[in-house]
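The next block holds one structure in the form of structure tokens; read it before the comments.
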Amino acid sequence: MELRPLGSTGIEVSPLGLGTVKLGRNQQVKYPSAFELPSDDQVTRLLGLARELGINLLDTAPAYGSSQERLGRLLGRARGEWVIVSKVGEIFEDGQSRFDFSFGHTVATVEQSLATLKTDYLDCVLIHSDGDDLRILEHEGALDALRELKRRGLIRAHGMSSKTVEGGLCVVREMDVVMATCNLEYNAELPVLEAAHAQRRGVLIKKGLMSGHVQGEQGVRRSFAHVFAQPGVSSMIVGTINPEHLRDNVRLLEQVLEGGA
Ligand SMILES: NC(=O)c1ccc[n+]([C@@H]2O[C@H](COP(=O)([O-])OP(=O)(O)OC[C@H]3O[C@@H](n4cnc5c(N)ncnc54)[C@H](OP(=O)(O)O)[C@@H]3O)[C@@H](O)[C@H]2O)c1
């Protein structure tokens with residue numbers, strides 16, 4: 001797959017990224033069916049297959065259960081081949097989420113992610129919004145902390161996984177990358193994508209397959225066509241632990257991008 005610029009960060013990403021919620025967490029998630037976490041062997045094979053298929057982008061978060069610990073252990077020396085996007089703000093413990101967007105917690109979270117992922121830099125760190133985007137950006141310390149971490153060279157880019165149009169527009173003004181939702185049934189955040197395109201910000205799409213509620217191959221193909229018809233999309237992050245789905249997704253997305261949808 002041909003890499004695309006992540007806005008003006010200088011980072012290049014594959015148009016399909018691998019979401020890693022399902023590598024580490026199977027509680028309090030909204031997928032259509034329950035699932036077992038994959039074994040270490042299955043994760044290693046999935047990561048190898050993703051690289052073989054041209055995927056270079058991993059999306060993870062401390063709130064994704066054991067996702068970061070497993071990636072740190074299983075990526076090994078291949079870390080340099082990947083663009084790693086991580087998050088700050090959400091803490092998932094004992095089956096419950098809570099949030100902390102303070103300066104100190106943000107710095108401590110990034111330092112912990114670096115240790116867990118066994119790396120000395122993160123390519124991009126997103127604020128994991130609880131839904132109150134503007135309050136977080138305007139009244140909490142996370143944004144200043146990420147700016148400071150970028151100055152220190154611990155992260156290459158920053159952004160927010162936002163949930164509102166006002167919040168997303170503020171992210172576009174203040175940060176490098178916005179992660180927004182766009183799919184066949186939800187298009188409320190399209191103004192954010194347009195603004196990000198105009199400002200040359202990186203755009204990551206989450207929940208593009210409606211968290212697995214999309215119907216059949218035709219539904220997946222239509223979802224890709226819809227997302228990539230929007231201006232300025234850098235990458236769509238799709239979470240899968242099924243190698244066949246991963247292969248299908250790359251094949252279908254390539255058809256869409258070549259204009260054969
Ligand atoms: N920051 C946030 O607030 C936030 C929220 C949600 C998600 N995310 C990120 O975005 C990623 C994607 O979001 P998401 O996981 O909610 O939604 P998604 O990518 O729209 O959907 C993932 C679901 O789709 C299924 N799937 C994948 N390919 C398929 C195919 N070809 N045919 C049928 N089903 C398929 C997967 O099941 P199989 O495993 O069976 O393939 C999985 O259950 C996450 O992994 C995470 O990294 C971030």
Side-chain angles (χ1 to χ4, degrees), residues 13 15-26 28-38 42-43 45-46 49-50 53 55 57-65 67-68 70-71 82-92 97 99 101 124-133 136 142 158-164 167-168 171 177-186 189 203-224 226-227 233-256:
V13 294
L16 188 66
L18 182 62
T20 65
V21 177
K22 292 178 86 173
L23 302 191
R25 171 168 158 185
N26 56 9
Q28 305 281 320
V29 285
K30 292 178 183 155
Y31 298 112
S33 41
F35 61 96
E36 292 293 318
L37 297 183
Q42 287 169 321
V43 175
R45 282 202 296 274
L46 191 77
L49 177 63
L53 293 169
I55 293 172
L57 176 58
L58 289 174
D59 180 73
T60 183
Y64 296 169
S67 165
Q68 295 204 333
R70 303 190 81 186
L71 290 175
W82 292 96
V83 170
I84 299 184
V85 176
S86 186
K87 311 208 181 61
V88 290
E90 181 180 352
I91 304 128
F92 183 72
S97 278
F99 294 87
F101 300 103
C124 181
V125 174
L126 306 176
I127 301 172
H128 212 154
S129 175
D130 62 0
D132 206 352
D133 301 343
I136 297 165
H158 49 47
M160 183 183 226
S161 172
S162 52
K163 298 199 175 179
T164 64
V171 176
V177 174
V178 65
M179 179 183 259
T181 301
C182 174
N183 62 46
L184 290 169
E185 291 186 357
Y186 176 86
E189 294 168 43
V203 175
L204 301 175
I205 300 296
K206 61 187 169 185
K207 305 183 189 178
L209 299 185
M210 300 190 285
S211 298
H213 294 275
V214 75
Q215 294 303 315
E217 180 164 315
Q218 198 51 25
V220 174
R221 189 197 307 267
R222 284 181 53 234
S223 300
F224 285 138
H226 176 67
V227 165
V233 173
S234 314
S235 184
M236 176 164 153
I237 309 291
V238 174
T240 182
I241 48 174
N242 179 330
E244 285 316 307
H245 285 167
L246 190 61
R247 284 183 203 280
D248 289 347
N249 294 345
V250 171
R251 175 175 53 82
L252 294 168
L253 178 55
E254 281 180 336
Q255 287 173 5
V256 164

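Keep in mind that this is a model prediction, so the values were computed, not measured. Both ligands and their constituent atoms are indexed starting at 1 by order of listing. Only this structure's heavy atoms are used, side chains among them; waters, hydrogens and symmetry mates stay out.
For the residue pair V83 and V13, the shortest heavy atom distance occurs at CG1-CG1, 4.0 Å.
The cationic group of K207 does not satisfy the cation-pi geometry with Y186, failing either the under 6.0 Å distance to the six-membered ring centre or the 45° limit from the ring axis.
Side-chain contact annotation: S161 with K87, donor-acceptor N/O pair under 3.5 Å absent. Using modelled atom types and a 3.5 Å distance limit, the side chains of Q68 and S86 yield a donor-acceptor pair.
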Quiz prompt | side-chain contact (heavy atoms from CB on, under 4.5 Å) between M236 and L209, worked out | solution = CA-CA 9 Å; M236 176 164 153; L209 299 185; 3.8 Å; yes

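Dense packing is recorded around CZ of R25, with more than 12 heavy atoms of other residues, nucleotides or ligands lying under 6.0 Å away.
Protein residues having at least one heavy atom under 4.0 Å from any atom of ligand 1 are G19, T20, V21, K22, Y31, D59, Y64, K87, H128, S161, M179, K206, K207, G208, L209, M210, S211, G212, V220, I237, V238, G239, T240, I241, N242, H245, N249, listed by chain and number.
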